[in-house]
Every structure is written in C-alpha cells, then in structure tokens.
Amino acid sequence: MKYQVLQRLFIPIWATISGALPLSVSAQTVPPHYSDGTLVYLHEQEPPCLWGGWVQQAYLSRQVFDYLVSYDNGQIRPWLAASWSESADRKTITFHLRHDVKFTDGDLFNADAVIANYPAWQKGIGWHGFTYMTGFTKVDDYTVALHLSEPNPEIYNVLANGHYGFQSPDSLAHNSSEQKCLRPVGTGPWKVARWVRGDGISFVRNDDYRWAPPNAHHNGPAYLKHLEWKFVPDATTRWGALVSGGADVIYQPPSAQWQALQHHYQTLSYVATGRPQAFSFNVQRGPFTDQRVRQAFAYALDRKQIVKTVFKGAVPYEGNGSLSKSTPLYLNVDDRYSLNIAKANQLLDAAGWTGRDAAGYRTKDGKTLDARLPFIQAIIDQEGALMLQAVQDQVKRVGIKLDLIPLTQTEGFAGARSRPADKEISFGYWVWPSPNILDIVYNHALNGAFNGNNTSFFNNPEVEAQILDAQREPNAQRRQQKFDLLQKWFDDQAIAIGGYNFTYNVAIANNIRGLWQDQGNGLLNFNDAYFVQEQP
C-alpha cells in the first residue's frame, strides 16, 4: 500500500465541534475560499466499480454524479429536476429538468440523457426491480415522465440515495466497460483523474460545476482542487494517519478511539436507513425452520451488552432485524428477546434437541445442533467479527454450535455460500431509504428468479402480499399501522433478529470546514470542504 501522498507535516488546530478545545479567533472566522489544496480521505472498502448497487459505490458515485432530487432532513429538494408532479394513481411522476446542466465531456443533461441512463440502472443495480420503476418517457426536451408499477412514497428518497446518478449519453454509448467502471463521466463536482487499484482514486475539481442542490453550502465548483480517496482496510491504520497528520478525514475509526476523537477532532455520524446488521435464519431447511430454535438463539444472547462491549458507544444496538432506527415507519422492538438462558434451554428441549455430544453441543436424532454463518470480511469488519465471536461464545452456553466462516470480498460477491444448503444463518446489512426494505429482504423472487437479497430464504405469498399492500396504502396512519404489524410479525416469528445499526462514523481534522453528510444515505459531500489553515 502506497502512502506517499500522506507523508506531510501537520500542526493540529483544536476544533469547537464535539467538545474539542476552541479554535483561535482567526481560524474560526476564515471564510470559505477556493484553493489548489488537496484533501486526503481514507475509506475502508474498495468496490469493483465506482458506481453500482453497493452503498460503498454510492459513496464514490456521489462525488461524480448528480441526481434528480436531494433528500434534506426529511424534505425532498430540487436538484437536476427543478420541479415535479404526480399522477392521481401515484404511478407516474413528471419531472421538469434544469436547462443549464452539462456533463464533464460537454454532453448536455436533458430528457434524452435521462432516458439513456435507465438501461444502465436496470443492468448495473441488481435490486432495481424493488424500486417499482419501469422506465422513463420523454415529454419534451427538458421534461420526462417516470413510470412505476406500484405507488412508492419513498421513490424520491431512492432517487436521491447515491445510486441513481447520471452518466453522459456519449460515454454510455462509446466508452468501454472498464472506462464506465473506473472513470464514468458525470455532471458532479468532481472528475476521476485516475484509479490505482489497491491504493486509491484521485479526483479533480469540475471547474464548470454550477448546479449544486439547495442543501449544499454553496453553489459552484468545489473549494479544493484535489480529493485523494485512499482505500485503507485497517481501522487502526486509518486512525493513526489522522492523528499523525497523514490524512484529513477518515471513515470508520476504531470504536475504542471514538470517544477521544469526539473530544479532540470534528466528527460526523449517521445511522444508515434500511436493514441493520442482522441475523437472518434459514427458514427453508435445517434446524432454524423451527420457530422455537430461532427464538432460543435470540434468548441465548445478551445482544445489548455485546454491542456495548465491542463498539464502546460508537455504534447503537438494534433489536429489529428488519428495519433500522432511521428508516421511515420503523418499529422499536429493542426490549424483545432479552437474555434468558432458562427460556432458551426450555425452547430447545421442547424442539427435541435434548441430547448432548462429547463437546456439550445439543443433538437430535444423532445430529449436532450446528449452524454455519459465512460472512464477507469487507462488509463485516474486524469489530463486526469480534461481535460474531461473542455471539458464538454465548450460544454455546445453551448447546448451539456456531461455525463462523469468513469469506473474501471476491468470494462473497461471486456468490460463495449463498444458497440454502450452504448456511443456517446470514449476517449483514442492507442500506435502503424505505420500509419496503421488507420486500427486498423477504420476497422470494426478483424478476421471476431467486432473490439473492432474501438471505433467510423466506417464502410466504400471504405475507409478501401484505408487504405490498402496506406499500400501496395511501393513508399515512394506516400505512404506519400495517408496517408496524409486519415488523412485529417478523420479530415474533424470529425470522431475523437485529444486532447493531450500520453506522457511518467519520473523523475530521480540525483545520477542515464545510464537510457534511447528506441525510438520505449518509454520503459525504466534499465539494463544500475547505482548509482554515493550508497544509505546508
């Protein structure tokens, strides 16, 4: 791993944010300004392409692309679309586009550009079908109609969430797959200068940028000339680079350092919408087809204490296995399935797992109560793995054998150990801005084929129909009630149980101002960032 760009001197300036010591008066009053400066940001995961369906790609896409609308603390704001209107059946949205936007290759952003991007969305975003979008039609040169198969009140959140940005039609038509993957052409505040695999991406300012969303801090090119986006998998290394002056901003610092960072640096934190890091039980085959075994697993755990011990306050506990705390229409079930060893043992006895093998694990009909849990190390980081080890130790007390199987990012994305015969438990998150995350993670099919997002292999047409009915409900109060009932049902059945909320924690050097996270997906916005004291 190369760090030449990180080797520079740094004199800390203490910030007022998060309890840090006060800045000097001159530093506090430095206004935003343009410079040829370089901001160094250390991220964790390196995705295969700059854009796609993984949230780690959305982080990058947000720098290069713009979107029809922006999500701003519960409000939908105009962006590339200046205004819009809905049809009476809520299945058609007409967007009136700005007339002054252009791509960095000179292409114009207009209705034809929107329509040209839709096939790329269909092909490049694996879960696209769950948005209920079916396509765009052109009304005039700067007006498009978006068509939905089902009403989707959160469609605006989806369009703003970092995945549905726009590439130039010329690049889509003529650039190679590798070029579109590594150096896509957008309208955003940054352009890709180069991507060195295993090291990082160099972004350069788009000097023509004049169409930021209204929740940005300014409308114009990025204040800084360069953004160096480095991929550094180890959290301790990222933290060390920040405190030594080798980096300006870091993603996911070690939880053990989070409290100190909040006192001595600027910090940002965002709980991701969608599904938390949750345990999904295989309800198609194996021991967890029995509700009692699923519930016993839950009762055997002190999940709150595990999260507190491992993450030391940096990440919140989440009991709901279906929706995270920040998701619209979330139901709090944090007090369900509190640690109860006696109850867990009682349930396992009732389920017939009454024997014991030489290692003390429960048996039934000569078979050990053995649960395989594969996990992708790029998604479940080192601290997440520590939590899984704590879970492994705790369920052992009631006789459940938990086998933890780490997978590389390549293995995981290739589909290793993803079928019903390969595992008894899955563990992972899914970032999504809508309660119809239930449709994504519990629907048995996607476009007529197996839905790989359904890691519990749940298949219940009646419940799936109830999810769609809740999604269609036009009355806000009744929609909340229907989604409440669904969340409670999935929790009662213990189809999935929560672990912790996927949280984007960011630490920032004290000579940086203007960096912010959007409130739709927690994505970092570097175009407003500037130095209050330039690096030597």
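What you see is a predicted model, and the numbers here were worked out from it, not measured in a lab.
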CA sep, side-chain torsions, deciding dist, call: Tyr317, Tyr500, ring pair (Phe, Tyr, Trp, His ring centres under 6.0 Å): CA-CA 4 Å; Tyr317 166 73; Tyr500 57 92; 9.7 Å; no
Evaluation steps, ring pair (Phe, Tyr, Trp, His ring centres under 6.0 Å), between Phe279 and Phe427: CA-CA 5 Å; Phe279 298 89; Phe427 187 68; 4.5 Å; yes
Test side-chain contact (heavy atoms from CB on, under 4.5 Å) applied to Leu182 and Ile201, step by step: CA-CA 9 Å; Leu182 301 180; Ile201 301 175; over 6 Å; no
Ring pair (Phe, Tyr, Trp, His ring centres under 6.0 Å) assessment of Phe203 paired with Phe526: CA-CA 11 Å; Phe203 294 98; Phe526 289 95; 8.6 Å; no
From CA spacing to verdict: side-chain contact (heavy atoms from CB on, under 4.5 Å), Phe231, Trp195: CA-CA 11 Å; Phe231 299 110; Trp195 185 340; 3.8 Å; yes
Verdict with reasoning, Tyr118 to His147, per ring pair (Phe, Tyr, Trp, His ring centres under 6.0 Å): CA-CA 12 Å; Tyr118 189 78; His147 304 284; 9.8 Å; no
Pair Val185-Asp107, side-chain contact (heavy atoms from CB on, under 4.5 Å): steps then yes or no: CA-CA 10 Å; Val185 179; Asp107 248 3; over 6 Å; no
Steps toward side-chain contact (heavy atoms from CB on, under 4.5 Å) verdict (Gln167, Asn175): CA-CA 11 Å; Gln167 302 178 57; Asn175 286 6; over 6 Å; no
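Ser426 OG to Phe281 CZ: the interatomic distance, rounded to the nearest 0.5 Å, is 10.5 Å. Rounding to the nearest 0.5 Å places CD of Gln56 at 11.5 Å from CD of Glu46. Tyr142 OH to Leu80 CG: the interatomic distance, rounded to the nearest 0.5 Å, is 12.0 Å. Here the CD-OG distance, from Gln277 to Ser324, works out to 11.0 Å after rounding to the nearest 0.5 Å. Taken from CD1 in Ile379 to CD in Gln45, the straight-line distance is 8.0 Å, to the nearest 0.5 Å.
Looking at heavy atoms from C-beta onward, Leu146 lies in side-chain contact with Ile155 at the 4.5 angstrom threshold. The closest side-chain heavy-atom distance from Ile76 to Tyr71 is below 4.5 Å. Within the 4.5 Å cutoff, no side-chain heavy atoms of Arg77 are placed close to those of Pro213. At a threshold of 4.5 Å between non-hydrogen side-chain atoms, the residues Asp100 and Arg210 do not count as touching. In this structure, Leu468 and Tyr132 have side chains that are in contact, with non-hydrogen atoms separated by less than 4.5 Å. Between Pro151 and Lys91 there is a side-chain heavy-atom pair separated by less than 4.5 Å. Val204 places none of its side-chain heavy atoms less than 4.5 Å from the side chain of Trp190. Within the 4.5 Å cutoff, side-chain heavy atoms of Asn510 are placed close to those of Tyr265.
Within a 6.0 Å sphere centred on CD of Gln75, heavy atoms belonging to other residues, nucleotides or ligands number 12 at most. When the shell of 6.0 Å around NE2 of His174 is examined, it contains 12 or fewer heavy atoms from other residues, nucleotides or ligands. Counting non-hydrogen atoms of neighbouring residues, nucleotides and ligands closer than 6.0 angstrom, the NZ atom of Lys102 reaches no more than 12 such neighbours.
With hydrogens and angles disregarded, a donor-acceptor distance shorter than 3.5 Å links the side chain of Asn451 to the backbone of Ile440. Checking side-chain atoms of Arg238 against main-chain N and O of Pro233 turns up a donor-acceptor pair under 3.5 Å. For the pair Glu424 (side chain) and Leu373 (backbone), a donor-acceptor distance under 3.5 Å is absent. Within the 3.5 Å criterion, the main-chain N or O of Pro254 finds no donor-acceptor partner in the side chain of Gln257. Of the possible polar contacts, none joining the Arg417 side chain to the Lys423 backbone as a donor-acceptor pair under 3.5 Å is found. Side-chain N or O atoms of Asn505 include none that pairs as donor or acceptor with a backbone N or O of Ser269 at under 3.5 Å. Checked by atom type and distance alone, the side chain of Arg372 never pairs as donor or acceptor with a backbone atom of Ile405 at under 3.5 Å. Checking side-chain atoms of Ser35 against main-chain N and O of Leu224 turns up no donor-acceptor pair under 3.5 Å. Between the side chain of Gln487 and the backbone N or O of Leu329, at least one donor-acceptor pair lies under 3.5 Å. Checked by atom type and distance alone, the side chain of Gln519 pairs as donor or acceptor with a backbone atom of Gln517 at under 3.5 Å.
Using cut-offs of 30° and 60° for the angle between ring planes, the Tyr156 and Phe95 rings count as perpendicular. Using bins of under 30°, 30° to 60° and over 60° for the plane-to-plane angle, the ring pair Phe502/Tyr429 lands in the parallel bin. Taking the six-membered ring where tryptophan is involved, the planes of Trp121 and Tyr164 are perpendicular, since the angle between them exceeds 60° and thus also 30°. Ring pair Trp79/Tyr67 is tilted by interplanar angle, where 30° to 60° counts as tilted.
One side chain, Ser434 or Asn436, offers a donor N or O that lies under 3.5 Å from an acceptor on the other. In this model, no donor atom of one side chain and acceptor atom of the other lie less than 3.5 Å apart for Tyr270 and Ser326. Remark: the Asn453 side chain and the Trp430 side chain contain no N/O donor-acceptor pair separated by less than 3.5 Å. A donor-acceptor contact closer than 3.5 angstrom is absent between the side chains of Tyr41 and Gln63. Residues Asn152 and Gln471 have side chains that bring a donor and an acceptor to within less than 3.5 angstrom of each other. For the residue pair Asn206/Thr104, the side-chain donor-acceptor check at 3.5 Å is not satisfied. Side-chain contact of Arg275 with Ser280: a donor-acceptor pair under 3.5 Å is present, judged by distance alone.
Taking both residues in full, the closest heavy atoms of Ala247 and Leu242 are given as O-CD1, 3.6 Å, listed atom of the first, atom of the second, then distance. Heavy-atom minimum distance, His163 versus Asn521: NE2-ND2, 4.4 Å. Across Ala529 and Leu39, no two heavy atoms sit closer than the pair CB-CD1, 4.1 Å. A pairwise comparison of heavy atoms in Pro406 and Glu411 identifies O-OE1, 4.4 Å as the closest pair. Of all heavy-atom pairs between Gln252 and Thr503, the closest is NE2-O, 2.7 Å. Residue Phe458 comes nearest to Val283 through the heavy atom pair CA-CG2, 3.7 Å, listed as atom of the first residue, atom of the second, then distance.
Taking the ring axis of Phe450 as reference, the NZ or CZ atom of Arg419 stays within 45° of it and closer than 6.0 Å to the ring centre.
Between Lys138 and Asp112 there is a salt bridge, since at least one side-chain N of the basic residue sits less than 4.0 Å from a carboxylate O of the acidic one.
In summary, the aromatic rings of Trp432 and Phe130 are positioned with their centroids too far apart to meet the 6.0 Å limit.
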